[in-house]
S.K.: 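Okay, here's the structure, questions in a sec.
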Amino acid sequence: MNQTAHFTSILQRSIERGLVVSIFSNQYEPEKCSVGYVDTLSTEQFVMKHITPEGLSDGYIVRRLDDIYRIDFNGKYDE
């Protein structure tokens with residue numbers, strides 16, 4: 001299984017379970033991530049309901065699956 005397929009599987013499970021995820025997509029700024037609930041998933045991208053560090057809704061973001069290099073669950077930010 002390639003990395004994109006692996007991440008797609010993880011994101012699909014997060015949708016099914018309603019989990020908050022942290023998605024890292026910029027390797028040049030490894031401390032930055034997008035946090036929220038994955039809303040929609042396609043073969044090339046995903047839509048996330050973004051959450052601020054204070055837990056407030058911050059709209060939606062769209063990211064390419066190919067840009068993901070790390071996904072975290074249950075981190076400090078996610079709580």
S.K.: Are L19 and I68 joined in one hydrophobic group, where the rule is that I, L, V, M, F, W and Y side chains link up if heavy atoms are under 4.5 Å apart?
M.R.: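 Linked within one cluster.
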S.K.: Which heavy atom in F73 sits nearest to a heavy atom in V20, and how many Å separate them?
M.R.: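 In this case the closest contact between F73 and V20 is CD2-O, 3.9 Å.
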S.K.: How far does SG of C33 sit from CD1 of I71, to the nearest 0.5 angstrom?
M.R.: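 Nearest 0.5 Å value for the SG-CD1 distance: 11.5 Å.
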S.K.: I need the S14 OG to F46 CZ distance, nearest 0.5 Å.
M.R.: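 Taking OG in S14 and CZ in F46, the distance rounds to 9.0 Å.
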S.K.: From M48 CE over to L11 CG, what is the distance, rounded to the nearest 0.5 angstrom?
M.R.: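 Those atoms lie 7.5 Å apart.
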S.K.: Tabulate below the donor-acceptor pairs under 3.5 Å that side-chain atoms of residues 37-44 make, not counting sequence neighbours, or state none.
M.R.:
{"residue": "S42", "atom": "OG", "partner": "E44", "partner atom": "N", "Å": "3.2"}
{"residue": "S42", "atom": "OG", "partner": "Q45", "partner atom": "N", "Å": "3.1"}
{"residue": "S42", "atom": "OG", "partner": "Q45", "partner atom": "O", "Å": "3.2"}

S.K.: Quick one: do I10 and V21 satisfy side-chain contact (heavy atoms from CB on, under 4.5 Å)? Show the steps, please.
M.R.: CA-CA 10 Å; I10 291 171; V21 294; 5.7 Å; no
S.K.: Atom CD in Q3, atom OG1 in T8: separation rounded to 0.5 Å?
M.R.: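 These two atoms lie 10.5 Å from each other.
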S.K.: Quick one: CD on Q27 to NZ on K32, what's the gap to the nearest 0.5 Å?
M.R.: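 Answer for the CD-NZ pair, Q27 versus K32, is 15.5 Å.
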S.K.: My understanding is that a hydrophobic cluster links ILVMFWY residues whose side chain heavy atoms are under 4.5 Å apart, including indirect links. Using that, what else belongs to the cluster containing F24?
M.R.: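 Members besides F24, by chain and number: Y69.
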S.K.: Indicate yes or no: at least one non-hydrogen side-chain atom of I23 is less than 4.5 angstrom from one of F7.
M.R.: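 No, too far: nothing below the 4.5 Å cut-off.
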S.K.: According to a 4.5 Å side-chain heavy-atom criterion applied to Ile, Leu, Val, Met, Phe, Trp and Tyr, with indirect links allowed, do V47 and L65 form part of one hydrophobic cluster?
M.R.: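 Hydrophobic grouping puts V47 apart from L65.
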S.K.: Scan the side chains in residues 55-62 for donor-acceptor partners under 3.5 Å anywhere in the protein, sequence neighbours excluded, and list what turns up.
M.R.:
{"residue": "D58", "atom": "OD2", "partner": "H50", "partner atom": "ND1", "Å": "3.0"}

